[in-house]
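The next block holds one structure in the form of structure tokens; read it before the comments.
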2 protein chains.
Amino acid sequence: MKSVKTSERKVDSHRWFSEALDQYLAKKHLKQTKQRQAIVQLFLELKTHVSAEALRAAAQGAGLDVGLATIYRTLNLLAEAGLAEQKQFGDGHFVYEIVRPGAHHDHLICLDCGKVLEFENAEIERLQEKVAALHEFRLTSHRLDLFGHCLKKVCANRRD
Amino acid sequence: MKSVKTSERKVDSHRWFSEALDQYLAKKHLKQTKQRQAIVQLFLELKTHVSAEALRAAAQGAGLDVGLATIYRTLNLLAEAGLAEQKQFGDGHFVYEIVRPGAHHDHLICLDCGKVLEFENAEIERLQEKVAALHEFRLTSHRLDLFGHCLKKVCANRRD
DNA sequence: GTGAATGCAAACATTTTGCAGGGTG
DNA sequence: CACCCTGCAAAATGTTTGCATTCAC
């Protein structure tokens, strides 16, 4: 069994996404376009908590000129396809995040440097189900954000 | 030891809030006004997850004509004073909630009828601290929202 | 009487929508 | 060649701000 080259493996790690998208587009009789591909590509590269503005900036940096409206439309499309999730942290604007099937995580946010770490905790999730059952709820999703200060030296604006 | 009358007890249950606000206003050399008192009163009566719009409607229902700007300014004042918290559930607009000292709770939100239940779970909070410690974070706050469908008959739009 | 609060309207920031023209299946 | 997609600009939404007037201390 031979190992694949790094460049190929990187492509592979995104392939499932493109395939899932193609499938969705076909099912809905929607079309593949240059802009859509570019946005998706950039979205996959930036990979975490991307805002529409950040994507537009990235697109311009890559020499592409994509309208903001198209970016919003594409992100909403991805959200409808279940491939991305719209989130909002403290302030009032949206960021988008790739949804990997079966992979859920929560967030740990540094109030000093704005860094966002992801974590998973099965026990917390189990307790959430317990709480929901107690109140006669059937859970479909949840959001858990922990806010605080990261104590590492790397924090750009640490207060000590 | 005599029991107080219900009406008195209700006033009492809000008194700490008004006193804390008075104290804050005095400290900051700010003023007490008719509108501020009215908004705070309505806020306390509506008590959970109030939007600026809802407060304006309540004010109009009570015969008062308060500008939306004043409502926003008052709510932001309460937030600065640490007496209210600005939150956002799924959609992109703010709701405000009274902060009782030392009383924290999380939310259970029905996606069908929009109802919001509050709950507390000490064990989940303990696990959060554990997660934070693991990543070298000092927590200052958190947000946990559970989304789902309430299974009770009372849900206005239940899907079954 | 000084400085803060109000109401209105205009400004703002972010996201959505309508429309004419261009591109994809 | 039908229909979707794009880009632009205008609209919509929710919140904030500037300014003249009114009000609380």
Side-chain angles (χ1 to χ4, degrees), chain A residues 18 21-43 49-60 62-81 84-97, chain B residues 18 21-43 49-60 62-81 84-97:
Chain A
S18 308
L21 179 56
D22 284 349
Q23 210 170 330
Y24 182 80
L25 292 177
K27 190 176 64 182
K28 293 273 191 174
H29 305 291
L30 303 178
K31 294 169 183 174
Q32 190 59 269
T33 67
K34 200 164 58 249
Q35 290 92 332
R36 240 167 226 180
Q37 287 173 331
I39 294 169
V40 166
Q41 183 59 35
L42 291 166
F43 184 36
H49 317 117
V50 184
S51 68
E53 267 305 334
L55 269 176
R56 190 184 53 71
Q60 294 214 311
L64 305 166
D65 212 357
V66 201
L68 244 191
T70 301
I71 292 176
Y72 276 110
R73 282 189 276 232
T74 303
L75 289 171
N76 287 336
L77 175 73
L78 293 177
E80 276 164 35
E85 254 179 44
Q86 206 186 38
K87 311 221 152 189
Q88 41 192 346
F89 299 126
D91 25 17
H93 67 290
F94 293 123
V95 292
Y96 294 79
E97 193 177 328
Chain B
S18 307
L21 178 56
D22 284 348
Q23 209 170 329
Y24 181 80
L25 292 177
K27 188 175 66 185
K28 294 273 190 173
H29 305 290
L30 303 178
K31 294 168 184 175
Q32 189 58 271
T33 66
K34 199 164 59 248
Q35 290 91 333
R36 239 166 226 181
Q37 287 174 331
I39 293 168
V40 167
Q41 182 59 36
L42 291 166
F43 184 38
H49 317 115
V50 183
S51 68
E53 268 303 336
L55 268 177
R56 191 184 52 72
Q60 293 214 309
L64 305 165
D65 213 356
V66 202
L68 244 191
T70 300
I71 291 176
Y72 276 109
R73 283 190 275 232
T74 302
L75 288 170
N76 287 335
L77 176 73
L78 294 177
E80 276 164 34
E85 254 180 43
Q86 206 185 37
K87 313 221 149 189
Q88 38 191 346
F89 299 124
D91 24 17
H93 68 289
F94 292 124
V95 292
Y96 294 81
E97 193 176 328

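Just so it is clear, the model here is predicted, and its values are computed rather than measured.
Rounded to the nearest 0.5 angstrom, F43(B) CZ and L78(B) CG are separated by 6.5 Å. How far NZ of K87(B) is from NE2 of H49(B): 7.0 Å, rounded to the nearest 0.5 Å. Rounding to the nearest 0.5 angstrom, the gap separating the CD1 atom in I39(A) from the CD atom in Q35(A) is 7.0 Å.
Between A58(B) and L42(B), the closest heavy-atom pair is C-CD1, 4.1 Å. For A59(B) against V66(B), the heavy-atom pair with the smallest separation is CB-CG2, 3.9 Å.
We find that CG of N76(B) is positioned 13 Å from P of dA5(C), with the value rounded to whole Å. Atom CZ of R73(B) and atom P of dG7(C) are 8 Å apart (whole Å). Nucleotide dC4(D) holds its C1' atom 14 Å from the CD atom of E80(A), rounded to whole Å. Atoms CG (L68(A)) and P (dA12(D)) sit 19 Å apart, rounded to a whole Å. Here dC23(D) presents its P atom at 19 Å from CG of L25(B), a figure rounded to the nearest Å. Q37(B) places its CD atom 13 Å from the C1' atom of dC23(D), with the value rounded to the nearest Å. Going from atom CD1 of I71(A) over to atom C1' of dC8(D) covers 14 Å, rounded to whole Å. One interatomic measurement links the two molecules: CZ of R56(A) to C1' of dT6(D), which rounds to 16 Å at whole-angstrom precision.
Look at Y72(B) and you won't find any side-chain N or O under 4.0 angstrom from OP1 or OP2 of dT16(D). Residue T70(B) places no side-chain N or O under 4.0 Å from the OP1 or OP2 atom of dA5(C).
Taken residue by residue, residues 26-36 of chain A places heavy atoms nearer than 4.0 Å to DNA chain D at H29(A), L30(A), K31(A), T33(A), Q35(A), R36(A).
Proximity of a side-chain donor or acceptor of R36(B) to a complementary backbone N or O of I71(B) within less than 3.5 Å is not detected.
Residues satisfying the side-chain contact (heavy atoms from CB on, under 4.5 Å) criterion with Q37(A), sequence neighbours excluded, are Q32(A).
Checking V95(A) against I39(B), the closest nucleotide of DNA chain C that is more toward the 5' end is the one next to I39(B).
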